[in-house]
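Scroll down for the structure; my scribbles are underneath it.
Everything numeric in this text was worked out from a predicted model, so none of it was measured. Numbering of ligands and ligand atoms starts at 1, following listing order.
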Amino acid sequence: MKQSSLLLVDDDRLVLDGMSDWLREKGIEVAEAASCQQAKELIDRSGFDLVLADIRLQDGDGFDVLEHCRRRRPDTSVILMTGYANAQTGLEALRAGAFDLLTKPLLDEKLELAIDRALSQRKVIEENAKLKAQLDLRFGMENVVGQDHRMRKTFDMIDSVADTRATVLITGESGTGKSLIARAIHRRSSRRDKPFVEVACGALPETLLESELFGYVAGSFTGAMGDKTGKFKQADGGTIFLDEISTASPSMQVKLLRVLQELEFEPVGGTKTIHIDTRVILATNDDLARAVADGRFRQDLYYRVNVINIELPPLRSRLTDIPLLAAHFLTRIRAETGKPVEGFSDEAMAALQAYRWPGNVRELQNVIERAVLLGKKPLITPEDLPRDLAVSSPTLARQSVGRTLKESLAGPERQIILETLQEHNWNRNATAEQLGINRTTLYKKMKRLGLETPLHSVMEVSH
Ligand SMILES: Nc1ncnc2c1ncn2[C@@H]1O[C@H](COP(=O)(O)OP(=O)(O)OP(=O)(O)O)[C@@H](O)[C@H]1O
Ligand SMILES: [Mg+2]
């Protein structure tokens with residue numbers, strides 16, 4: 001463990017020498033300053049774990065040193081010393097942020113104790129910071145992988161909205177990472193130490209959902225024995241994540257609108273209004289605009305939740321993210337299982353990029369997990385992938401027994417078109433020409449095979 005370092009500030013040479021000898025004997029690394037000015041210089045130059053400063057100094061006082069530390073080195077603990085302590089100075093010292101105020105002379109256990117306490121408090125702070133960094137690593141953006149330009153835009157958006165109270169609507173197909181992003185927003189906000197409460201709105205019948213969200217008072221319905229706190233209240237000060245929001249019933253939608261607008265509600269069967277400070281994040285894999293058009297979703301609620309919309313693109317349109325995510329999951333699963341799998345063969349990677357991924361990132365994660373667990377070689381090859389996937393790799397087309405010719409051909413065809421598109425930077429004229437088909441045929445095939453032009457290529461081509 002690192003030796004603790006301490007700065008001793010006193011303009012009395014005798015005190016300075018005597019105390020620093022004594023401290024060094026205790027195994028503490030000591031630097032000395034004989035004036036306020038010198039102390040500040042030393043503090044700027046190198047950080048200390050602890051500063052021990054006399055209040056009376058010729059060119060200022062210990063409070064100056066304390067304030068300098070607070071500003072420049074907020075992690076450093078400061079203990080002030082005085083020959084003439086009274087209750088007033090003691091209070092002042094603590095208010096100004098000193099860890100302790102000690103009365104001289106000091107060569108006794110009292111000093112040792114104070115130093116021990118200050119240093120161990122520091123250790124606790126350091127430990128907490130380390131734990132927090134680990135948590136951030138698990139849930140923060142570090143854990144959300146993506147280099148696709150739309151994902152990068154999403155990360156920027158998360159950064160700018162995280163620390164506001166703004167309602168965020170996250171949309172995207174199942175498995176695209178909506179829940180993960182909701183959590184990331186919470187973890188990057190100043191609410192991170194308060195609860196993150198998740199409610200799958202589609203999983204509960206209407207009446208249950210209502211009491212789940214808003215709570216109820218005793219006796220409001222058969223079986224309501226005591227009061228129950230709702231999720232909105234549980235998430236007070238933190239974040240509530242309402243998943244599958246499009247399934248909310250009309251009356252639930254009215255209630256939600258009110259909570260979003262007024263931050264207040266009454267529990268089921270109750271008359272007392274409850275006020276909350278809860279940040280709301282919503283998600284859906286439904287097209288909400290469509291739901292509004294169909295009359296399934298209130299327009300006013302739609303406007304209220306659709307202020308900030310994070311739209312997660314399907315995995316099949318994020319081709320560059322596939323290798324990145326695959327490597328991310330491989331590393332994680334390898335660490336968990338200890339299986340010595342090193343990577344993917346070119347054919348396996350091509351198959352991963354050619355597949356349509358109806359289950360998006362979740363499906364990719366499962367596929368990698370399975371491949372790592374079942375794989376017997378250092379490299380994952382198409383044989384380690386599920387049949388649906390492996391078949392889209394041209395080398396395996398022969399094995400597609402029991403499928404129609406059209407099905408068997410779709411995989412290789414998609415792969416060939418994809419590779420040609422990539423080779424020509426998604427320029428369709430050039431691709432069609434090389435493949436010997438006309439442009440309309442190419443369009444139709446791309447549509448059928450789910451090949452969408454990544455937006456960045458569109459931009460590159462168009463200017
Ligand atoms: N960009 C990403 N980086 C790393 N992991 C991801 C990413 N996106 C999704 N995942 C992982 O994929 C899985 C599915 O993501 P998540 O549960 O957030 O999807 P979802 O959109 O909420 O799905 P559903 O609509 O079914 O609720 C999770 O294990 C998640 O950690
Ligand atoms: Mg989810």
Side-chain angles (χ1 to χ4, degrees), residues 134-159 162 168-188 196-204 209 231 235 239-248 280-288 290-291 297 305 308-337 344 352-353 355-373 386 389 454-456:
Q134 278 170 4
L135 269 179
D136 281 347
L137 212 64
R138 266 186 72 75
F139 295 113
M141 224 92 94
E142 296 77 2
N143 207 29
V144 189
V145 173
Q147 62 171 23
D148 178 274
H149 71 108
R150 286 160 300 174
M151 289 308 284
R152 277 194 248 159
K153 232 176 81 192
T154 298
F155 299 155
D156 288 346
M157 195 134 147
I158 292 173
D159 257 343
V168 179
L169 174 67
I170 309 173
T171 49
E173 291 179 12
S174 179
T176 45
K178 298 183 295 297
S179 302
L180 182 72
I181 296 290
R183 230 166 240 284
I185 294 175
H186 175 73
R187 296 241 27 115
R188 287 181 94 79
F196 176 85
V197 177
E198 193 169 344
V199 185
C201 299
L204 296 170
L209 178 61
K231 300 276 189 195
T239 307
I240 193 167
F241 173 45
L242 304 176
D243 207 353
E244 301 162 53
I245 192 61
S246 64
T247 60
V280 183
I281 301 179
L282 310 99
T284 179
N285 46 30
D286 232 14
D287 181 350
L288 271 193
R290 169 95 261 143
F297 203 78
V305 300
I308 292 162
N309 180 200
I310 293 182
E311 209 180 323
L312 296 176
L315 184 59
R316 65 183 155 280
S317 76
R318 283 188 248 162
L319 286 178
T320 52
D321 280 357
I322 291 176
L324 214 63
L325 281 161
H328 170 70
F329 294 134
L330 176 76
T331 313
R332 194 158 87 191
I333 297 156
R334 184 176 50 202
E336 278 166 22
T337 60
F344 303 86
L352 291 178
Q353 285 189 294
Y355 183 58
R356 272 189 62 79
W357 299 112
N360 291 294
V361 186
R362 180 180 296 115
E363 189 183 5
L364 174 65
Q365 189 177 339
N366 293 339
V367 165
I368 307 291
E369 192 163 19
R370 180 179 173 277
V372 173
L373 292 178
L389 252 120
L455 284 176
H456 63 269

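The main-chain N or O of Leu169 is found under 3.5 Å from a side-chain atom of Asn309 such that the two form a donor-acceptor pair. Using a distance-only test at 3.5 Å, with no hydrogens or angles considered, a donor-acceptor pair links the side chain of Gln353 to the main chain of Leu319. Of the possible polar contacts, none joining the Asp321 side chain to the Gly146 backbone as a donor-acceptor pair under 3.5 Å is found. Looking at Arg318, its side chain does come within 3.5 Å of a backbone N or O of Pro313 through a donor-acceptor pair. Under the 3.5 Å distance criterion, the side-chain polar atoms of Trp357 are left unmatched by any main-chain donor or acceptor of Ser317.
Residue-and-atom listing of protein N/O/S atoms under 2.8 Å from the Mg ion (ligand 2), sorted by chain and number: Ser179 OG.
When each of Thr176, Ile181, Leu180 is tested with Lys178 by the rule side chain to side chain contact (heavy atoms under 4.5 Å, CB included), just one qualifies, namely Thr176. A side chain to side chain contact (heavy atoms under 4.5 Å, CB included) with Thr239 holds for exactly one of Glu198, His186, Arg187; it is His186.
Distance check, rounded to the nearest 0.5 Å: CD1 of Ile308 to CD1 of Ile158 gives 11.5 Å.
Residues Val372 and Leu330 have side chains in contact (heavy-atom distance under 4.5 Å, counting atoms from C-beta outward).
A distance limit of 4.0 angstrom between heavy atoms and ligand 1 selects the residues Asn143, Val144, Val145, Glu173, Ser174, Gly175, Thr176, Gly177, Lys178, Ser179, Leu180, Asp243, Asn285, Leu325, His328, Phe329, Val361, Arg362, Gln365.
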